[in-house]
Amino acid sequence: MTARIASVIARQVWDSRGRPTVEAEVTLDSGASGRAIAPAGASRGAHEAIDLRDGGAAFGGYGVSRAVSGVAAEIAPALIGMDARDQALVDQTLCALDGTANKARLGGNAIVAVSLAVLHAAAAQAREPLWRYLADGRPVRLPLPEIQIFGGGAHAGRRTDVQDFMVMCPKAGSFRRALEITDDVYRAAGRLMQERGPLSGVADEGGWWPDFQSNEDALDVLTKAIEASGHRAGEDVWISLDIAANELGDASGYTLALDDRRLSGEEMAARIIEWCGRYPILSVEDPAGQDDWQTMGRVMAAIGNRVQVIGDDVLVTNAQRVERAAAAGVCNAALIKVNQVGTVSEAKAALDAAQAHGWGTLVSARSGESEDVAIAHLSTGWNAGQLKVGSFTRSERMAKWNEVLRIEEAMGSQAVYAGASAFAAGIAELLA
Ligand code: 2PG
Ligand code: MG
């Protein structure tokens with residue numbers, strides 16, 4: 001049966017922040033079809049693919065009518081007739097058609113929605129769930145989930161400087177069990193927050209958005225919440241932080257507003273290293289700004305043998321930047337967000353590059369999400385080992401966790417939970 005692309009359409013839909021975004025739908029000659037919605041970040045790296053937004057007064061300038069029109073006028077005519085199974089050629093065609101280095105002309109939002117919709121259509125044509133189509137017979141593991149308990153930074157009115165306070169359960173035994181343990185911690189954290197006084201709300205990804213006196217206060221409460229949940233901090237449940245330091249400064253210095261501190265890169269590294277010694281922290285993302293590789297390297301040199309050091313804004317899911325970061329020794333794990341680079345093939349290339357260096361890899365959602373659950377399939381089918389989605393509330397987050405539960409069930413006795421094996425060598429052994 002032919003997998004020839006017969007039509008490509010796009011429409012404006014709405015994301016979890018109530019902002020417009022692009023949905024693409026690809027149909028093949030056979031009738032098989034695929035659909036995908038572009039997510040959107042709030043804490044973005046300067047080297048990311050650029051979303052095309054309308055600007056102006058309507059929808060706060062976030063409208064995507066130009067991105068949608070570009071799909072009809074340029075992308076659809078270029079892709080119709082192509083083989084949906086040839087993702088590499090489809091993605092090359094999209095990049096060439098756009099013609100810019102950062103997808104600014106047709107928009108990263110239009111391109112990522114179409115690229116993912118083509119992938120879905122190819123899987124539908126093969127009559128396989130996406131994760132199985134991607135695995136293509138290779139053994140894969142269910143991802144270790146990284147789940148937000150407190151949200152801060154750009155996702156919560158900057159109530160804390162650190163963006164994500166998350167937990168990981170590498171020894172849970174199964175994906176399902178990891179979620180159950182996380183739920184215990186999330187509820188225990190909510191109880192503790194209520195005892196402290198009024199909650200300030202819920203952050204963009206669904207984590208509690210509390211009033212903390214300092215970033216360390218948040219770490220203390222999270223450690224207490226893990227213990228109050230009946231699980232052991234640093235044995236069953238570990239803390240994982242996304243510092244998102246790009247939002248706090250650069251090589252010239254970082255501002256921790258909540259702590260009333262201005263830190264040099266060296267002091268910032270020392271602060272992170274100290275936290276990792278004092279709290280049960282297993283993973284730290286973006287401890288420095290996107291181009292401050294010296295501070296990243298300091299953190300990595302001091303604790304990279306026992307703590308996962310993830311590059312997000314630093315790498316922007318770009319295989320060349322992964323290679324440079326590996327040569328410079330600044331991280332041992334890569335966050336993989338398809339929309340950060342713009343196409344499925346380029347994201348896979350970044351993941352492959354990271355894995356070739358023995359790094360951990362985490363497929364990740366954005367702070368602006370939707371009901372689209374593709375990342376549950378990508379993390380499993382690509383055998384990424386880890387999945388970052390946000391918190392343990394809100395359906396745009398829970399949809400992804402629930403989809404992995406379905407995949408786990410479909411695998412039956414073949415299901416393997418990545419657990420500690422998801423980390424770079426050395427860290428994995430320490431946890432064993
Ligand atoms: C990140 C993501 C998800 P955003 O920094 O890792 O938490 O945030 O999508 O806003 O870039
Ligand atoms: Mg990040």
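Remember, it's 1-based here, ligands and their atoms both numbered in the order they're listed. What you see below is based on every heavy atom in this structure, not just the backbone, and it leaves out hydrogens, waters and symmetry mates.
- Given atom 5 (O) of ligand 1, the protein heavy atom at minimum distance is Gln163 NE2, 3.0 Å.
- Between the CD atom in Gln148 and the CD atom in Gln163 there is a gap of 8.0 Å [rounded to 0.5 Å].
- When only interatomic distances are considered, the shortest N/O to N/O separation between Ser364 and ligand 1 does not fall below 3.5 Å.
- Judged by distance alone, the side chains of Ser345 and Asp91 do bring a donor and an acceptor atom under 3.5 Å apart.
- By the 4.0 Å heavy-atom criterion, Gln148 is excluded from the residues contacting ligand 1.
- Taking 4.5 Å as the limit, some side-chain heavy atom of Ser283 sits within range of a side-chain heavy atom of Ile310.
- Using modelled atom types and a 3.5 Å distance limit, the side chains of Asn339 and Arg366 yield a donor-acceptor pair.
- For Ser16 and Arg394, the side-chain atoms include no donor-acceptor pair closer than 3.5 Å.
- In this structure, the protein non-hydrogen atom closest to atom 11 (O) of ligand 1 is Ser43 O, 2.6 Å.
- Counting atoms of ligand 1 from 1 in the listed order, those under 4.0 Å from a heavy atom of Gly41 are 4 (P), 9 (O), 10 (O), 11 (O).
- Of all atoms in ligand 1, listed by their number and element, those nearer than 4.0 Å to a heavy atom of Lys388 are 1 (C), 3 (C), 6 (O), 7 (O).
- Within the listing of ligand 1, atoms 4 (P), 7 (O), 8 (O), 10 (O) sit less than 4.0 angstrom from a heavy atom of His155.
- Two residues are said to be in side-chain contact when any heavy atoms from C-beta on lie closer than 4.5 Å; Trp293 and Met300 fail this criterion.
- Under 3.5 Å, the side chains of His231 and Asp184 contain a donor-acceptor pair of N or O atoms.
- Counting protein heavy atoms only, atom 2 (C) of ligand 1 is closest to Lys337 NZ, 3.4 Å.
- Looking at Leu335 against ligand 1, only its side chain comes within 4.0 Å, counting heavy atoms.
- For the Mg ion (ligand 2), the neighbouring protein N/O/S atoms at less than 2.8 Å, given as residue and atom, are Asp242 OD2, Glu285 OE2, Asp312 OD2.
- Between Ile147 and Leu179, the closest side-chain pair of non-hydrogen atoms falls below 4.5 Å.
- Residue-level proximity to ligand 1 for Asp164 is carried by the side chain, the only part with a heavy atom below 4.0 angstrom.
- Under the 4.0 angstrom criterion for non-hydrogen atoms, Ala244 is not in contact with ligand 1.
- For ligand 1, the atoms closer than 4.0 angstrom to any heavy atom of Asp242 are 1 (C), 5 (O), 6 (O).
- Checked by atom type, the side-chain pair Tyr254/Asp161 shows no donor-acceptor distance below 3.5 Å.
- For atom 9 (O) of ligand 1, the nearest non-hydrogen atom of the protein is Ser367 N, 2.7 Å.
- Relative orientation of the Trp401 and Phe175 rings is tilted, given thresholds of 30° and 60° on the angle between their planes.
- A donor atom on one side chain and an acceptor atom on the other are not found under 3.5 Å apart for Glu247 and Ser43.
- Looking only at atom types and distance, the side chain of Thr380 has no donor-acceptor partner in the side chain of Glu408 under 3.5 Å away.
- The distance criterion of under 3.5 Å between nitrogen or oxygen atoms is met by Ala42 with respect to ligand 1.
- Atom-to-atom distance recorded for Asp292:CG and Asp313:CG is 13.0 Å, nearest 0.5 angstrom.
- The shortest distance between side-chain heavy atoms of Leu315 and Leu335 does not fall below 4.5 Å.
- Geometrically, ligand 1 and Arg44 share no nitrogen or oxygen pair separated by less than 3.5 Å.
- At the shortest separation from atom 3 (C) of ligand 1 among protein heavy atoms lies Glu205 OE2, 3.2 Å.
- Within ligand 1, counting atoms from 1 as listed, the ones closer than 4.0 Å to a heavy atom of Arg366 are 4 (P), 9 (O), 11 (O).
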